[in-house]
J.: 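Take a look at the following structure, please.
For ligands, and for the atoms within them, numbers begin at 1 and follow the listed sequence. The first residue in the sequence is number 1, and the count goes up from there. Please read these numbers as outputs of a predicted model, since none were measured by experiment.
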Amino acid sequence: MSFLKKIFGGSGASDSSDANALWLYVRCGKCGAPVAIRVDTRNDISVDYETGGRYLRKEIMDSTCFQLMYAEVRFDGNGKIVEQSIERGTFLTRQEYETALEAFQAKRQS
Ligand SMILES: [Zn+2]
């Protein structure tokens, strides 16, 4: 479980009862909508036997324009993110996501 705790320590997950969740925050490269994605660390993260690290490949669908984004995140053996890439979008921090979400919703309502 130390692998999971290290991930959550850095990402600021708020719900400690959801111990198998890792949240990714991205912005759609097409319409600019911020998207939060829950990753199930038990099912979604795979072991990379070549490096001893772990990796995640995730298809993310934006709920605004329904574009599919493809995220890939690599972790080292300690669960630290060492590399992340995404097609058709950009990664956000949790704080950037919350700021972007407010701005996006304000724009849609006006
Ligand atoms: Zn979009």
J.: Keeping waters out of it, list the protein N, O or S atoms under 2.8 Å from the Zn ion (ligand 1).
T.: C28 SG, C31 SG, D62 OD2, C65 SG
J.: Taking atom CG of D44 and atom CG of L24, what is their separation to the nearest 0.5 Å?
T.: 9.5 Å
J.: Any salt bridge between K30 and D62, counting N to O under 4.0 Å?
T.: no
J.: With respect to Y55, which candidate in E83, R74, E72 satisfies the side-chain contact (heavy atoms from CB on, under 4.5 Å) definition?
T.: R74
J.: Show me, pair by pair, the donor-acceptor contacts under 3.5 angstrom made by side chains of residues 63-71, not counting sequence neighbours?
T.:
from, atom 1, to, atom 2, distance (Å)
Q67, NE2, R88, O, 3.2

J.: Quick one: ring pair (Phe, Tyr, Trp, His ring centres under 6.0 Å) partners of F104, sequence neighbours excluded?
T.: none
J.: Could you work out the complete set of other residues in the hydrophobic cluster of Y49, with links drawn between I, L, V, M, F, W and Y side chains under 4.5 Å apart?
T.: V47
